[in-house]
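Residue numbers count from 1 along this sequence.
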Amino acid sequence: MKTYIIGNWKMNFTVGEASLFLHKLLQKVHSYRDIEVVVAPSLVALQSLSLQTDRRKIKLAAQNFYHRDFGAYTGEVSIAQLRSLVDYVIVGHSERRYIFHETDKDIRAKVAASLRDGLTPILCIGETESERTFGETADVLRDQLLGGLQDVSAEDLSKVIIAYEPVWAISGHGKAAKVASPLDVKDAFTLIRKILKETYGKDTASETSLLFGGSVKSINAESYLRLVDCNGLLIGGASLIAPEFTDIIEIAKRVKDDRA
Ligand code: PGA
């Protein structure tokens with residue numbers, strides 16, 4: 001299985017800045033067969049970056065889209081419109097769930113739409129700080145996982161990537177920031193695999209890629225990548241700093257080689 005290093009640029013960079021940044025990355029990133037590097041720029045930059053990028057080195061993801069293909073949906077962008085520009089789509093990110101009130105029903109429709117149109121959905125799930133405090137983590141992960149996957153067949157499950165992103169550990173870049181320990185992540189991965197196994201069977205579940213996201217930087221990336229169940233990282237803040245992002249790619253390659 002490949003290791004995924006995915007940078008979520010969120011609402012950062014103008015189109016010009018995004019292009020310059022991608023140019024910098026393309027100069028530094030090596031193309032490795034077993035490491036898949038993906039960045040998710042703002043929607044407005046996707047068209048030009050899709051022409052600029054070298055897909056052998058860096059593929060593109062969309063941060064958001066609407067599940068219908070065409071029609072009277074002012075302000076929305078569909079998978080059909082994105083299909084020639086990106087290979088991946090992020091679905092169910094906590095910022096979409098909590099700031100833009102996306103529900104599991106919306107998320108399920110997006111997962112199904114992306115599979116229908118041949119793009120790989122990166123389904124994000126994760127508990128908030130209060131859910132964790134009240135001991136609800138397992139229930140939340142189960143609800144979000146099965147909620148998002150409800151219309152996904154066993155055959156299609158291998159085309160879905162799951163990202164565990166505890167909401168309390170996202171954007172933790174200040175001094176008092178909370179960071180998930182590798183043990184926290186391991187527990188969540190074990191639970192996610194267990195739910196997938198119960199739902200889809202052992203073989204199918206073991207083929208699903210699990211990523212971690214939440215304040216990943218070059219100093220802690222290795223501790224997550226070394227987890228047996230970890231197939232990669234979803235990186236926000238640190239993906240906006242070229243040396244950080246490229247260091248994490250090299251760390252992923254080293255861990256992969258050690259495992260081979
Ligand atoms: P962060 O963001 O790395 O800045 O915590 C991760 C994410 O939101 O995907």
For the backbone of [Y] and the side chain of [X], can you confirm whether one donor and one acceptor N or O come within less than 3.5 Å of each other?
{"X": "Arg68", "Y": "Ser78", "answer": "no"}
{"X": "Asp257", "Y": "Arg254", "answer": "no"}
{"X": "Ser94", "Y": "Arg97", "answer": "no"}
{"X": "Thr53", "Y": "Ile58", "answer": "yes"}
{"X": "Asn220", "Y": "Ser215", "answer": "yes"}
{"X": "Glu165", "Y": "Gly126", "answer": "no"}
{"X": "Arg132", "Y": "Val167", "answer": "no"}

Do [X] and [Y] have side-chain N/O donor and acceptor atoms under 3.5 Å apart?
{"X": "His93", "Y": "Glu102", "result": "no"}
{"X": "Thr190", "Y": "Asp187", "result": "no"}
{"X": "Glu127", "Y": "Trp168", "result": "yes"}
{"X": "His23", "Y": "Gln52", "result": "no"}
{"X": "Tyr164", "Y": "Gln144", "result": "no"}

- Message: According to ring-ring contact (aromatic ring centres under 6.0 Å, His included), does anything in residues 208-252 pair up with another residue at least two apart or in another chain? List the pairs.
- Response: Phe212-Tyr224

Do [X] and [Y] touch side chain to side chain, with heavy atoms closer than 4.5 Å?
{"X": "His30", "Y": "Glu250", "value": "yes"}
{"X": "Lys256", "Y": "Tyr32", "value": "no"}
{"X": "Tyr200", "Y": "Val152", "value": "yes"}
{"X": "Ser209", "Y": "Met1", "value": "yes"}
{"X": "Val29", "Y": "Asp54", "value": "no"}
{"X": "Arg226", "Y": "Asp258", "value": "yes"}

Could you grab the distance from atom [atom1] of [X] to atom [atom2] of [Y], nearest 0.5 Å is fine?
{"X": "Leu149", "Y": "Asp156", "atom1": "CG", "atom2": "CG", "answer": "10.5 Å"}
{"X": "Glu222", "Y": "Ile251", "atom1": "CD", "atom2": "CD1", "answer": "6.5 Å"}
{"X": "Lys217", "Y": "Leu233", "atom1": "NZ", "atom2": "CG", "answer": "12.5 Å"}
{"X": "Glu207", "Y": "Asn231", "atom1": "CD", "atom2": "CG", "answer": "11.5 Å"}
{"X": "Asp203", "Y": "Leu157", "atom1": "CG", "atom2": "CG", "answer": "12.0 Å"}
{"X": "Leu183", "Y": "Leu227", "atom1": "CG", "atom2": "CG", "answer": "9.0 Å"}

Considering all heavy atoms, the nearest [X]-[Y] contact:
{"X": "Gly148", "Y": "Ile107", "value": "CA-CG2, 4.3 Å"}
{"X": "Ala180", "Y": "Pro166", "value": "CB-CG, 4.2 Å"}
{"X": "Ser114", "Y": "Phe65", "value": "CB-CZ, 4.3 Å"}
{"X": "Val39", "Y": "Leu25", "value": "CG1-CD1, 4.2 Å"}
{"X": "Leu146", "Y": "Thr199", "value": "CD2-OG1, 3.6 Å"}
{"X": "Gln63", "Y": "Met11", "value": "OE1-N, 4.4 Å"}

Determine, using the 4.5 Å side-chain heavy-atom cutoff (strictly less than), whether [X] and [Y] are members of one ILVMFWY cluster.
{"X": "Leu211", "Y": "Leu115", "value": "no"}
{"X": "Leu60", "Y": "Leu240", "value": "yes"}
{"X": "Leu225", "Y": "Val216", "value": "yes"}
{"X": "Ile90", "Y": "Leu119", "value": "no"}
{"X": "Val140", "Y": "Leu123", "value": "no"}

Is it true that [X] and [Y] have a side-chain N and a carboxylate O under 4.0 angstrom from each other?
{"X": "Asp87", "Y": "Arg55", "value": "yes"}
{"X": "Lys194", "Y": "Glu198", "value": "yes"}
{"X": "Glu129", "Y": "Lys178", "value": "yes"}

Is the [atom1] atom of [X] crowded by more than 12 outside heavy atoms at less than 6.0 Å?
{"X": "Lys57", "atom1": "NZ", "answer": "yes"}
{"X": "Phe134", "atom1": "CZ", "answer": "no"}
{"X": "Arg56", "atom1": "CZ", "answer": "no"}

- Task: Can you spot which of Lys2, Lys253, Arg259 makes a salt bridge (Lys or Arg N to Asp or Glu O under 4.0 Å) with Asp34?
- Result: Lys253

- Query: Which salt bridge (charged side-chain N to carboxylate O under 4.0 Å, His left out) pairs, counting each pair once, include a residue from residues 3-21, with sequence neighbours left out?
  - Reply: Lys10-Glu95

- Hey, what's the ring geometry for Trp9 with Phe21, parallel, tilted or perpendicular (30° and 60° as the breaks)? perpendicular

- Stepwise side chain to side chain contact (heavy atoms under 4.5 Å, CB included) check, Asp151 with Val111: CA-CA 8 Å; Asp151 298 327; Val111 170; over 6 Å; no

- Item | Test log, rule side chain to side chain contact (heavy atoms under 4.5 Å, CB included), inputs Cys230 and Val185 | CA-CA 9 Å; Cys230 186; Val185 180; over 6 Å; no

- Note on the structure: From the list Ile79, Thr120, Ile122, side chain to side chain contact (heavy atoms under 4.5 Å, CB included) partner of Val89 resolves to Ile79

- Item | Worked verdict on Leu49 versus Ser19 for side chain to side chain contact (heavy atoms under 4.5 Å, CB included) | CA-CA 6 Å; Leu49 267 54; Ser19 169; 4.2 Å; yes

- Message: Run the side chain to side chain donor-acceptor pair (under 3.5 Å) test against Lys28 and tell me which residues pass, sequence neighbours left out.
- Response: none

- Task: Dump the intermediate steps for side chain to side chain contact (heavy atoms under 4.5 Å, CB included) on Thr3 and Val255, then the final yes or no.
- Result: CA-CA 10 Å; Thr3 296; Val255 171; over 6 Å; no

